[in-house]
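Just follow the structure's listing: the first ligand is 1, and inside any ligand the first atom is 1. Bear in mind that the values here come from a model prediction, so they are computed numbers and not experimental data.
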Amino acid sequence: MNKMHKQLDVVSLENWFLKNQRKLPFRNTKNPYAIWISEIMLQQTKMDTVIPYYNQFMKKYPTVFALSKTTQEDLLKTVEGIGYYRRFKLMLEAAQVIVKNYQGIFPSTYKDILNLPGIGKYTAGAIMSIAYNKPYAATDGNVVRVLSRIYNISKDMRIESNKTKIHELNQSLIETANPNIYTESLMELGALICLSNNPLCKTCPINHSCLAFEHHLENKLPIISKLPKKNTYNYICLIIHKDNQIFLRKRTESLLEGMYEYPQILASSFKHAKQQLQIEGIEVNLLSKEKTYKHIFTHQKWLIDVYHVSLISKGKTDWILVDMKDISKYPMAKAHRQIQI
Ligand code: SF4
């Protein structure tokens with residue numbers, strides 16, 4: 001940490017927030033269940049995308065009891081299109097734990113919250129501070145950015161130990177503040193003023209306490225080293241026709257687990273895919289080539305070559321036959337939902 005002669009002006013930050021905060025559907029509540037759902041949805045997902053999903057979700061599952069009774073498939077269908085589906089599988093497990101172990105009452109200690117499936121330090125801190133007004137820091141990417149700038153911390157924030165240092169700094173700050181206002185105000189500053197690119201320093205309510213602003217470093221911080229290049233995977237994807245029906249497969253891989261897809265094979269060509277299927281006792285007959293679709297995940301890229309085929313022999317697959325008109329009822333990630341059949 002360099003030149004720590006400035007301190008975040010918590011009072012100015014909180015006052016700015018009280019006057020300038022956005023109206024968000026989860027701002028009018030201190031219900032820990034609602035705060036939890038919003039925080040999980042906001043992980044890796046932009047606010048504008050989250051809001052309609054959140055509203056629909058809370059209508060369908062207004063309480064932890066309602067959520068705990070749903071099926072994974074119904075839950076995935078409700079959030080289809082938002083991405084990062086594993087968080088919802090864990091969310092359902094956590095709801096079931098809350099009903100079983102806490103009679104459906106959301107736990108109120110940091111330790112108990114942190115023990116729930118899918119809840120890490122960030123989410124536990126957000127729930128403790130926003131819902132229960134307790135001084136537990138919530139340090140996400142926005143907060144890392146804001147605090148690295150204010151304190152001119154020029155360490156690589158991809159490295160866990162450096163993020164931990166920021167978390168400790170955040171913890172020491174929340175202990176001197178109004179926990180719920182502090183947490184939300186820091187997040188709001190990151191979302192509205194202290195933007196990743198071209199932060200609005202001139203209008204920033206705490207620019208007088210920011211080292212990056214003083215030294216013109218706001219566009220250089222935080223330092224985050226580049227991720228390794230994404231691997232590209234080539235899939236041969238089969239639209240397997242049988243009368244007016246199509247075969248779907250439920251994914252068991254950790255990426256997109258529980259989502260449905262058209263059967264796809266990791267292969268460089270249709271011929272190569274056909275050979276792999278023959279080993280499994282599956283015979284298909286080529287009808288026509290569709291086109292190639294692309295989908296980019298955080299760590300990998302898929303190129304999906306789509307072929308229409310008819311089935312000669314199904315082998316021992318776990319594929320299910322679905323009426324064409326019912327395909328939209330199954331949860332399917334964007335990678336395959338985009339395929340026009
Ligand atoms: S002055 Fe600029 S860099 Fe510093 S906190 Fe405000 S917006 Fe961020």
Ring centroid separation for Tyr235 and Trp302, is it under 6.0 angstrom?
yes
Examine Phe106 together with Tyr33 and report whether their ring centres are nearer than 6.0 Å.
no
Take atom 4 (Fe) of ligand 1 and tell me which protein N, O or S atoms are nearer than 2.8 Å.
Cys210 SG
Regarding Thr109 and Asp112, do their side chains bring together a donor and an acceptor under 3.5 Å, going by distance alone?
yes
Consider only side-chain N and O atoms of Asn152 and His215, and report whether a donor and an acceptor are under 3.5 Å apart.
no
Do Lys100 and Tyr102 form a cation-pi contact, if we require the NZ or CZ to be under 6.0 Å from the six-membered ring centre and within 45 degrees of the ring's axis?
no
Evaluate the ring planes of His295 and Phe297, with Trp represented by its six-membered ring, and classify them as parallel (under 30°), tilted (30 to 60°) or perpendicular (over 60°).
perpendicular
